[in-house]
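Accompanying notes for the structure given below.
Note on naming: letters A, B, ... go to the chains in the order of the sequence lines (proteins, then strands), and numbering restarts at 1 for each one.
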Number of protein chains: 2
Amino acid sequence: MSMDERKKRILQAIIDDYIDTAEPIGSRTIARKHELGLSSATIRNEMADLEEMGYLAQPHTSAGRVPSDKGYRLYVDQLMQVYDLQDDEIEKIKTAMELHINELSQLIRQASAVLSRFTKYTSVAVASQMKTSTVKAVQLVPIEADKAMVIVVTNAGIVKNNIVKTADQLRPEALVMISNALNDKLGGLSVEKANRKISSGLVSELEMELGIRGELFASILSCLAGCINQIDNTEVYVEGTTNVLNHPEFRDIIKAKEFMSMLDEKTSIGRIVFDASDSEGGIIIRIGSENDLSDIKDCSLVTTNYNIANTFIGTIGLIGPTRMEYPKVVSSIGYIRKFMNREIGRFLGLDIDNDL
Amino acid sequence: MSMDERKKRILQAIIDDYIDTAEPIGSRTIARKHELGLSSATIRNEMADLEEMGYLAQPHTSAGRVPSDKGYRLYVDQLMQVYDLQDDEIEKIKTAMELHINELSQLIRQASAVLSRFTKYTSVAVASQMKTSTVKAVQLVPIEADKAMVIVVTNAGIVKNNIVKTADQLRPEALVMISNALNDKLGGLSVEKANRKISSGLVSELEMELGIRGELFASILSCLAGCINQIDNTEVYVEGTTNVLNHPEFRDIIKAKEFMSMLDEKTSIGRIVFDASDSEGGIIIRIGSENDLSDIKDCSLVTTNYNIANTFIGTIGLIGPTRMEYPKVVSSIGYIRKFMNREIGRFLGLDIDNDL
DNA sequence: ATTAGCACTCGACAAGGCAGAGTGCTAACA
DNA sequence: TGTTAGCACTCTGCCTTGTCGAGTGCTAAT
């Protein structure tokens, strides 16, 4: 039995309908609603074939068919029709993203929120893998006689700061000296290297060069190390969790609860999304059991990476029932991705100008 | 008809049971489970009285009674027995709060999360009303030739920063001058006053004093204004939304959805929580219709303020069905409040030491 | 190869019946 | 006079039953 063109068209029709209605689809429905020029009986036979081939499943005898994960896979790979965002939809996204962005994380969160509101699914954004980031600037700011703020800026525009208690004897001028020395030593290093450098004798190195007693600024260095470690922390933003309640597959409150608890585990969902992301600019679709975690074996994940120039910054995606509106989801994510890349570039001052 | 002691004990028994079981309570249940030395018939008569007086309600004839808002009010005011946290519970909270706190907002979020996880209700924390904050330090940090970071620190330890594009001609030394001048001018001012000062001719004032052309640093000032405005932004943290799904009053998915959507409106729930907060150290309980917003007329809100010395910083609380475990909730919030106050003090370097 | 027809299956839904928990009322009791 | 026992009544939840509609597989005719 082979997968001929007719079977594909029937499968497509079934999946389209099922995505729409969430009800098992019967042969008559297809015969009526789609102009395939076939009777319900013929379609019935084809459907039996498709089931045997594993593309469809039957909840019970004498119900209609529902797509299997394998069916969805064929659908997203070959059958579904590209959905072009309408002008007004693009406008809607654009205005929703219109916001005074002050921090990179704000942009990411905003994008995540817009995506989930627009698609009515749950969005997950991971700002991760800052391991590739490099330290751009280190600065010490005196705040009070015995307190200073340590600030680290990375090339990706991430800013971390921390207040540290300093020795009373440290005068502001000394702070400036230390600050400059730190910039010299750490500027341009990757986060990992900077960390290693701090923990391997930077104190005594500076002690010699600056002529300041090490114990006076040791606390500053350990605080700095803390900041740098924070950079490496992957942040996970989940938006629109309540959207799942709109989908009939989560009508059962226990299912809904499971789903939401799973999303509350930010780190694990972050890992899943991150692991799902792949290579460069593509949009990755993971359907049901294709996902590693069994918790989401009834869900699909559509993700993409956002980045700047060639630096990978993070992943953003949507999660929903396997019965997802793939065409719309894919184009939405594609658009948001482009939008984010442009905004991030703009935010960091790289004037990349591509039209949207 | 008066509210004698016996009626109170019966009411207490009913509410205790109802909080436990979420089922309407009948006279026989009370007679059996509580040692009141009364028959079900007597209790029945008393219950009829309590209903007439408005403390109880009946879902329908021939069902048991449920407490009304008025009943809960009497309960929390006079009847409920103080719940003392067990040693192991305190330990649990303490270890959960054990965390390297780097930012004030992190502490608040953490406290909120712990509270919701411990009580199984939904927690809301508002870090708000920074209007009373004053500017402690302003700092400009050069990042690249034509970019600088503007940093503002307040007396409450809030830090905001922003990157700004500067004129090429501004040398780092000029930045230091401007920075110092800004500290002079704005240090100690309230957020509002600082804002007003910036917008009312600070540019020309500095131009004169420093001998630097105003247009060179106007962008810095507007960026600074942006930072200061951000300080004023109230942040709202909601944790444990999925907890509501555990309570039978939200078994209906529509109710659950309503509740969650309401919580998604961060600003409005923030306002409600904030409005509910009152005066100083007390714990405020708002039961059902006592709340201003009709959206939560089936919910109770238990809130308290956290602060440092005498400066009000924000509000934290729990939201759940009116059928709440008030005794446990109240003592949990009370404990978290003390804990936060101490940690905040410690974080800001005021070594207040009170045992917990 | 396709289609019409038919018998069969299964879930959804409404109607009816029953058991259990609770009430209000009345009359008896201490 | 307050308390209690007893009884008739009511309402919900649950289970059973019957019916309807959508869907299927199979067979025979086209």
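- Open room surrounds CG on B:D87; 12 or fewer heavy atoms of other groups in view lie less than 6.0 Å from it.
- Within 6.0 Å of NZ in A:K257 there are more than 12 heavy atoms belonging to other residues, nucleotides or ligands.
- Between A:R65 and D:dG25 there is a side-chain polar atom (N or O) within less than 4.0 angstrom of OP1 or OP2.
- At least one test fails for A:K328 against the ring of A:Y121: distance under 6.0 Å to the centre or angle within 45° of the axis.
- Spacing between atom CG of A:L38 and atom C1' of C:dA4 amounts to 15 Å, rounded to whole angstrom units.
- One can place CD of B:E52 at 11 Å from P of C:dG24, the figure rounded to the nearest angstrom.
- Taking atom OH of A:Y18 as the reference point, atom P of D:dA22 lies 19 Å away to the nearest angstrom.
- In this structure, CE of A:M47 is placed 17 Å from C1' of D:dC26, rounded to the nearest angstrom.
- One can place CD of A:E23 at 15 Å from C1' of C:dC10, the figure rounded to the nearest angstrom.
- A close approach under 4.0 Å does occur between a side-chain nitrogen or oxygen of B:S27 and OP1 or OP2 of C:dT23.
- Look at CG on B:D49: it is 11 Å from P on D:dG2, rounded to the nearest Å.
- Residue contacts for B:T42: at a heavy-atom cut-off of 4.0 Å it reaches a base atom on one of the strands shown.
- OP1 or OP2 of D:dA5 has not a single side-chain nitrogen or oxygen of B:R28 nearer than 4.0 Å.
- Taking atom CD1 of B:I43 as the reference point, atom C1' of D:dG2 lies 15 Å away to the nearest angstrom.
- Looking at heavy-atom distances under 4.0 Å, B:A63 makes contact with sugar-phosphate atoms alone, never a base.
- The separation between A:Q58 atom CD and C:dG11 atom C1' is 13 Å, rounded to whole Å.
- Ranked by how close their nearest DNA chain D nucleotide is to the 5' end, B:N45 and A:E51 are led by B:N45.
- Regarding contacts with the backbone of C:dA21, every side-chain N or O of B:T29 stays at 4.0 angstrom or more from both OP1 and OP2.
- Counting non-hydrogen atoms of other residues, nucleotides and ligands closer than 6.0 Å to CZ of B:R9 gives a total of 12 or fewer.
- Under 3.5 Å, the side chains of A:D69 and A:S289 contain a donor-acceptor pair of N or O atoms.
- Listed pair B:S62 / C:dA21 fails the phosphate criterion, with no side-chain N or O lying under 4.0 Å from OP1 or OP2.
- Between the side chain of A:R44 and the base of D:dG23, no donor-acceptor pair under 3.5 Å is found.
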